[in-house]
Amino acid sequence: MGLQYEQDNSGKERLKRAIMNPSKRTLLILLLVIVVIAVPFLMGTLDTAQEGLGEVLADHDLNEALSSGPSDLTDEQIAPWLVSNGEIMIGATVPPEWEIGNYRFGACSKDRLAEIVDPGYQTAMTEGCDSFYEIQGKYNRDCHIASNCNVKQTAKDELAAAMDSVRSAHAAAGYAWPSS
């Protein structure tokens with residue numbers, strides 16, 4: 001006496017068994033079909049999202065906005081720009097205020113500083129940009145956490161000295177200080 005098991009092998013029953021207990025091969029085929037169908041739609045959606053985010057973030061990218069600084073300043077506007085940045089840095093309470101300018105690009109780029117006509121003023125502005133760059137880098141660790149931006153008094157003193165030097169060179173070049 002043996003056990004007999006009769007299995008219905010009609011197409012409908014085989015499909016029902018395959019759905020209820022799919023094999024690994026069936027699952028792989030199903031996954032591949034889903035991927036092949038979904039990839040074109042997903043790529044289009046991702047491209048559209050990336051373009052949209054790029055447009056939105058371009059206007060708000062602080063690194064881009066702060067990295068270059070103004071490059072269209074006239075010779076007599078460079079010193080007031082440096083001094084106003086120095087004042088903001090002295091009172092910095094958050095990192096973007098400490099990193100208000102990049103003193104290697106824009107108004108402080110070597111090419112822009114080389115265009116200054118008065119050699120004494122050119123030297124002073126180059127030294128001023130270098131001083132601001134060094135001070136910003138030297139004390140950057142004091143202002144890298146948004147909740148703890150405490151500018152040390154030595155940094156404030158160094159900034160004040162650099163600002164005085166820039167103001168003196170500005171006056172020596174015969175430029176009038178702009179009114180606030």
Side-chain angles (χ1 to χ4, degrees), residues 1-73 78 81-82 84-114 126 128-156 158-159 162:
M1 163 176 205
L3 287 175
Q4 284 189 339
Y5 174 70
E6 291 197 24
Q7 187 175 10
D8 185 3
N9 282 327
S10 67
K12 183 178 177 182
E13 286 299 317
R14 282 188 290 157
L15 180 62
K16 189 176 176 182
R17 281 193 305 268
I19 290 173
M20 298 301 276
N21 189 16
S23 67
K24 291 178 185 175
R25 186 176 81 190
T26 304
L27 290 174
L28 180 64
I29 291 171
L30 183 62
L31 181 65
L32 287 175
V33 168
I34 290 171
V35 167
V36 167
I37 291 172
V39 164
F41 296 109
L42 184 61
M43 293 306 291
T45 302
L46 290 176
D47 288 342
T48 304
Q50 186 176 9
E51 289 172 14
L53 283 174
E55 290 173 8
V56 169
L57 294 177
D59 295 336
H60 302 292
D61 187 5
L62 289 177
N63 290 330
E64 181 72 25
L66 296 176
S67 67
S68 62
S71 58
D72 58 347
L73 296 179
I78 295 174
W81 175 75
L82 283 171
S84 70
N85 282 359
E87 290 168 351
I88 292 169
M89 290 170 70
I90 286 174
T93 57
V94 292
E97 290 175 346
W98 179 254
E99 298 167 359
I100 189 71
N102 187 327
Y103 303 105
R104 289 288 184 242
F105 300 101
C108 285
S109 71
K110 288 182 181 181
D111 294 337
R112 174 62 191 99
L113 293 173
T126 301
C129 288
D130 290 344
S131 294
F132 274 69
Y133 180 78
E134 289 170 12
I135 294 166
Q136 191 180 49
K138 186 191 229 178
Y139 297 102
N140 195 37
R141 67 184 174 277
D142 298 332
C143 199
H144 69 281
I145 300 173
S147 63
N148 188 18
C149 186
N150 298 321
V151 180
K152 291 183 180 176
Q153 188 59 43
T154 54
K156 292 178 182 181
E158 289 181 30
L159 281 169

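No experiment lies behind these values; they were computed from the predicted model shown.
Contact record, R14 with N9: NE-O, 3.2 Å, taken as the closest heavy-atom pair. Contact detail for F41 and I37: the closest heavy-atom pair is CD1-O, 3.3 Å. Counting all heavy atoms, side chain and backbone alike, R104 lies closest to D130 at NH1-OD1, 2.7 Å. Considering all non-hydrogen atoms of both residues, W98 and N140 come closest at CD1-OD1, 3.5 Å. Contact between D8 and R17 at its shortest, heavy atoms only, is O-NH1, 2.8 Å. Listed here is the closest heavy atom pair of I19 and P22: O-CD, 3.7 Å.
K16 is not listed as a side-chain neighbour of K12, based on a closest heavy-atom distance of 4.5 Å or more. Using a 4.5 Å heavy-atom threshold, the side chains of Y103 and L82 count as touching.
Remark: the backbone N or O of T93 is paired with a side-chain donor or acceptor of E97 at under 3.5 angstrom.
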Do any side-chain atoms of residues 149-156 form donor-acceptor pairs under 3.5 angstrom with protein atoms, and if so which ones, sequence neighbours left out?
from, atom 1, to, atom 2, distance (Å)
N150, ND2, N148, OD1, 2.7
Q153, NE2, D157, OD1, 2.9
T154, OG1, Y139, OH, 3.4

Check step by step if side chain to side chain contact (heavy atoms under 4.5 Å, CB included) holds for Q136 and L159. CA-CA 9 Å; Q136 191 180 49; L159 281 169; over 6 Å; no

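Separating the CZ atom in F105 from the NZ atom in K110 is a distance of 10.5 Å, to the nearest 0.5 Å. Considering CG of N102 and SG of C108, their distance stands at 8.5 Å, rounded to 0.5 Å.
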